Amino acid sequence: MLGKATAALLSLGTLAQAVAVPQDNASATTSARVPNATSGPGRYVPSEADLASGCANIGRVASSFVRTSASQSATSFQVDAKIAYDCLASIPLEREATLEFLTELSKFVQFQSTIAYLARPPANSGQDPMDIVGGLTDIASSVESGSITSWNELETRVDALLSGCHEGHLYVAWPLPSLINFRAPFSLLDLSADGKQASQVYVADDVRATSPQFRPSAITHIDGEDVVTAIERLTYYESSQSPDTRWNAAFQSQNPPKLGSFYTRTRYPGTNTFTLTFENGTTTEYRYTAFALHQPGSNIWSVLTSGEVIWDRIINVDPNQPSGSNSGANRLRTRALEDFRKRKLHNDQLDETFRRLEKRQSRSNAPPPPEQLVRYNASFPDTPRVRPYIQDINQVFGGYFMEDYTRDDSRTAIIDITGFAPDDPNARFPTHAVQAAVELFLAEAERRGMQRLIVDVRGNGGGYVNMGYDLYKQLFPDSDPYSGTRIRYHPASLRIAQAFTELISQDVIDTLIRAIGRGMGENLTVAQANAYQVAAYASLSGLNQFLNLDKDGKQFRTFNDFFGPKNIYDDQFTNILTYDLNNLIAVGDLSYDVTGYDDRASYRNRPPPFTPENIILVTDGVCASTCGIFAEFLRNQQRVRTVVVGGRPNGEPSAAIGGTRGTQVIQHNAHMLNFVQIVENNFNPTSSAEREEWDRIFPRPFKLNIAEAAVNWKDNIRRTDPTQTPLQFYLEAADCRLYYTPQTLTLSHELWGQVDRLAWGNETSCAVGSIKNATVVTGDSNGVPISIGSDQGTGFNSGYGDTPQFTGDKIIDTGKIIWYGVRNSLGAAGGRRGY
Ligand SMILES: *[C@@H]1O[C@H](CO)[C@@H](O)[C@H](O)[C@H]1NC(C)=O
Ligand SMILES: *[C@@H]1O[C@H](CO)[C@@H](O)[C@H](O)[C@H]1NC(C)=O
Ligand SMILES: *[C@@H]1O[C@H](CO)[C@@H](O)[C@H](O)[C@H]1NC(C)=O
Ligand SMILES: *[C@@H]1O[C@H](CO)[C@@H](O)[C@H](O)[C@H]1NC(C)=O
Ligand SMILES: *[C@@H]1O[C@H](CO)[C@@H](O)[C@H](O)[C@H]1NC(C)=O
Ligand SMILES: *[C@@H]1O[C@H](CO)[C@@H](O)[C@H](O)[C@H]1NC(C)=O
Ligand SMILES: *[C@@H]1O[C@H](CO)[C@@H](O)[C@H](O)[C@H]1NC(C)=O
């Protein structure tokens, strides 16, 4: 994952209570939504001369770099952090173009499903109030009044606003972090001696160098500030709702393989140097460095000699104007998109759908037989010392048997799945390959008489929704997974829903399904193939009456039954929608059926390979998006117990699922603009007033070189929750919390061994809670989920233990804090702003 540390981090308040200090006057130098600094290092402010020379200084480094052999393949080169920031800070912005972009962005963010919840977060959600539209309005006013004149500052402030929402599906893929980014000289590790005592923070190189002569000393302060506060400050802008999950983002890990956001800084750290103070009393100063974009074969910095040139050639470039696909601006956009794709918080399903349809003539889309989609006993990136019995060819899923490496009679099997999608966007048959590997693995587990299963989803930020459903259905073939979703009401979504429902009627759907038959669209006429493409967008959007089922799995009788809108939390939403897994247009992948449906319906009759009490879900809190959907099935429908690793060293309960629970991301360029285009290609406004309304409500292309933007489109709502609150606003404690030890951090099988002993062996207590003595609480007596810190009655007992649920004593009452922007733009009653 990319670090999302930003310069504005350094102006954050003390976050020990996860409660931000409100600011009286938001027109200070930091974002209106960003709490004031109460401590932390000073900021480096370049002089006029520094600003004037920054980019040219990078150019000087570049001109010697291009003469080295490394320049033939490297995609970046190292420069001094100071000159890198001097250059970034010298990039100007043009007021009109920037305001137009902000207007388009504020049109688009209104599709963020949780906008009302973010402005007025429920108590105990761990979320500070963030008024997205109000915040963008403030930033636009600052541009208008001339108090923001730097493009880097604009990116940083909008980023702080969106990142403060801790919603992994909400982002802008900006150009500057791909042009210049920053690094600390080393990674940090967060380690405990036994996994139960609170962890301490170390320099990674020190831990590696540990020997009888050298014992590393823990870090006590960063820049003179207590290390815990400093790391909380650093990770405040990470995308997870849980502060413990955000904490984990700072550190290096092996599974998932990452260097951590202390090391990888997306944005300028605020200073050119920093100090660490160690327990042994030593204080040492270190330098940050920067990396500037390099395109092998050219020297872009011979052109980008000033901030003005970067604005003209890189930022103020309309992506829709032809300018040669090799232009620096285009390549930067591609790179920014790749950086975001790696985080897997996107939706590949549509690309896959179209790829298959395009290849339908050549038949090259026929999936190979299962044996060609898996590998046995091959190395796997997450686990350097042990090899999985089986993995899919794209290295998404690893299936292990403990007995293969412990050489004892262990009956424990392990599934390791770091994402529900491969890193490589061109990977072959990603969903089929995982389906095949899981199926072959479970068959072998049965043959060997395995009784227990550990499912390790550390680092799993989601991916293909179908892959998450399929893994659940292979584990529980006869269970109907329930995920109730809904979309925020917006006049544009209403118009799109009307259009999609009219264009893709039940009749069109039936005809397409007949014409596709058991094939992959090879016999579709051109008109049908076109209809299929529209149907694919309609399906992805969720805005079609006939491609959704209601909360009871039945067809909607009328458009209004489907769309609503319904008033909830002073906002408006569609009715609850569920996934029609038997409808191949709704599932969206012609050659793939989720286990238990359609061609794989007969799997329903198979017995579950493991009983729920013999399954443990292991997370590091990151679990988001598709992983959040999968985890909800395991935990809420099967009462599977959970273990969470890492987090702040506070000895308190911590959430197992700490990332967004939203079930779908919608991108501005890849999705929304296509929805709008389909409406406008097929329908005409009936009056000039309607024409104007469409321009006001429909998102339009960005005219600056922004690679992409995205919102969370659908909420996940637990069936038993009468308040219908999106699940990420509940932070439900894991049954058992552990910290990492040097062994369990670097060697996954050591962690699995500890979990195995805690669940089924002779080890009893975790750092917090216990696996053996756990009550899987999935809500209060009304079924309302219970957050950490809530003071509610007892939950219901799943029968695995006899203890009441955790009751933390820290009550985080964010409801008391109303920031100035929230008050101004939403009003005390929280009314919606105009569109
Ligand atoms: C905020 O501070 C600025 C400058 O100090 C001042 O001009 C402005 O009136 C203040 N705004 C509010 C809302 O207090
Ligand atoms: C916010 O920061 C400014 C500048 O550092 C300082 O003058 C002011 O007192 C701070 N306000 C609060 C509420 O801490
Ligand atoms: C103190 O600990 C740090 C970190 O392990 C180490 O780099 C440094 O050499 C130690 N200082 C002394 C005086 O031992
Ligand atoms: C897996 O491969 C390793 C290394 O090649 C080998 O030592 C081991 O015996 C193999 N295990 C099995 C079960 O084939
Ligand atoms: C496509 O058409 C051919 C020729 O009519 C037929 O043999 C084949 O079965 C059809 N495929 C499907 C999936 O219906
Ligand atoms: C727990 O069992 C393991 C072997 O399974 C053994 O090595 C260890 O000593 C035992 N620990 C205790 C506290 O009994
Ligand atoms: C389970 O936890 C409860 C409450 O902490 C305690 O009283 C009980 O002894 C525990 N049971 C076991 C088997 O550890």
Side-chain angles (χ1 to χ4, degrees), residues 184-191 193 199-223 227 230 251-252 262 274-287 356-357 359-367 371 374-391 395 398-410 413-414 437 440-441 443-445 447-448 450 510-529 532 584-585 589-593 598-599 742 749:
F186 40 71
S187 288
L188 299 184
L189 297 175
D190 180 34
L191 297 171
S199 56
Q200 289 189 294
V201 178
Y202 297 89
V203 172
D205 299 335
D206 277 5
V207 175
R208 273 191 288 272
T210 301
S211 70
Q213 291 76 41
F214 175 74
R215 295 193 66 76
S217 186
I219 298 167
T220 58
H221 294 81
I222 300 179
D223 285 324
V227 66
F251 302 99
Q252 185 175 355
F262 177 81
F274 65 100
T275 62
L276 297 183
T277 305
F278 298 94
E279 241 174 4
N280 63 12
T282 306
T283 295
T284 310
E285 186 177 85
Y286 305 91
R287 295 192 74 76
R356 285 188 202 297
L357 192 66
K359 291 185 192 159
R360 72 191 197 281
Q361 304 299 358
S362 66
R363 284 211 150 258
S364 61
N365 57 340
E371 317 75 74
V374 301
R375 273 192 207 111
Y376 292 92
N377 194 30
S379 62
F380 197 68
D382 298 352
T383 48
R385 296 268 176 85
V386 300
R387 295 170 163 216
Y389 164 77
I390 193 170
Q391 62 183 291
Q395 302 199 308
Y400 301 74
F401 298 107
M402 207 172 260
E403 61 174 6
D404 287 353
Y405 55 83
T406 56
R407 305 285 166 210
D408 59 15
D409 59 355
S410 165
I414 301 112
L440 291 164
F441 174 67
E444 176 70 5
R447 198 187 66 74
R448 296 195 193 192
M450 290 294 137
D510 293 342
T511 307
L512 280 174
I513 289 176
R514 264 196 310 276
I516 292 164
R518 291 266 172 253
M520 281 174 268
E522 59 271 30
N523 291 349
L524 295 185
T525 64
V526 171
Q528 283 169 337
Y532 178 75
L584 67 87
I585 307 284
D589 183 339
L590 298 182
S591 63
Y592 181 87
D593 291 317
D598 224 345
D599 277 356
H749 66 280

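Order of appearance sets the numbers: ligands from 1, and atoms from 1 within every ligand. Since the structure is predicted, the reported quantities are computational estimates derived from the model, not experimental observations. Below, all heavy atoms of this structure are taken into account, side chains as well, without hydrogens, waters or symmetry copies.
Of the possible donor and acceptor atoms, one in the side chain of Asp593 sits under 3.5 Å from a partner among the backbone N and O of Asp599. Checking side-chain atoms of Ser217 against main-chain N and O of Asn280 turns up a donor-acceptor pair under 3.5 Å.
Within the listing of ligand 3, atoms 5 (O) sit less than 4.0 angstrom from a heavy atom of Phe214. Near Asn377, meaning under 4.0 Å from one of its heavy atoms, ligand 4 places the atoms 1 (C), 2 (O), 3 (C), 8 (C), 10 (C), 11 (N), 12 (C), 14 (O). Interface of Gly519 with ligand 5, defined as ligand atoms under 4.0 Å from a residue heavy atom, comprises 13 (C). In the vicinity of Pro216, heavy-atom distances shorter than 4.0 Å reach the ligand 3 atoms 5 (O). Every atom of ligand 5 with a heavy atom of Ile516 under 4.0 Å away is listed here by number and element: 13 (C).
In summary, of the residues considered (Tyr400, Tyr389, Phe441), a ring-ring contact (aromatic ring centres under 6.0 Å, His included) with Tyr376 occurs for Tyr389 alone. Checked options Thr284, Thr220, Val227; the residue passing with Phe278 is Thr284 (criterion: side chain to side chain contact (heavy atoms under 4.5 Å, CB included)).
Ionic pairing of Arg387 and Asp404 is not present here: no N-O contact between side-chain nitrogen and carboxylate oxygen is shorter than 4.0 angstrom.
In this structure, the separation between CG on Leu590 and CD1 on Ile516 is 5.0 Å, given to the nearest 0.5 Å. Rounding to the nearest 0.5 Å gives a distance of 14.0 Å between OH of Tyr532 and OG1 of Thr525.
In this structure, atom 5 (O) of ligand 3 has protein heavy atoms in its sub-4.0 angstrom surroundings. Within a 4.0 Å radius of atom 2 (O) of ligand 4, the protein contributes one or more non-hydrogen atoms.
For the pair His749 and Thr383, the minimum side-chain heavy-atom distance is 4.5 Å or more.
Polar contact with ligand 5: present for Asn523 (N/O pair, distance under 3.5 Å). In terms of polar-atom proximity, defined here as any N/O pair under 3.5 Å, Asp206 does make such a contact with ligand 3.
Closest to atom 13 (C) of ligand 3, if we only count protein heavy atoms, is Thr282 OG1, 3.6 Å. Shortest contact from atom 10 (C) of ligand 3 to any protein heavy atom: Asn280 ND2, 2.4 Å.
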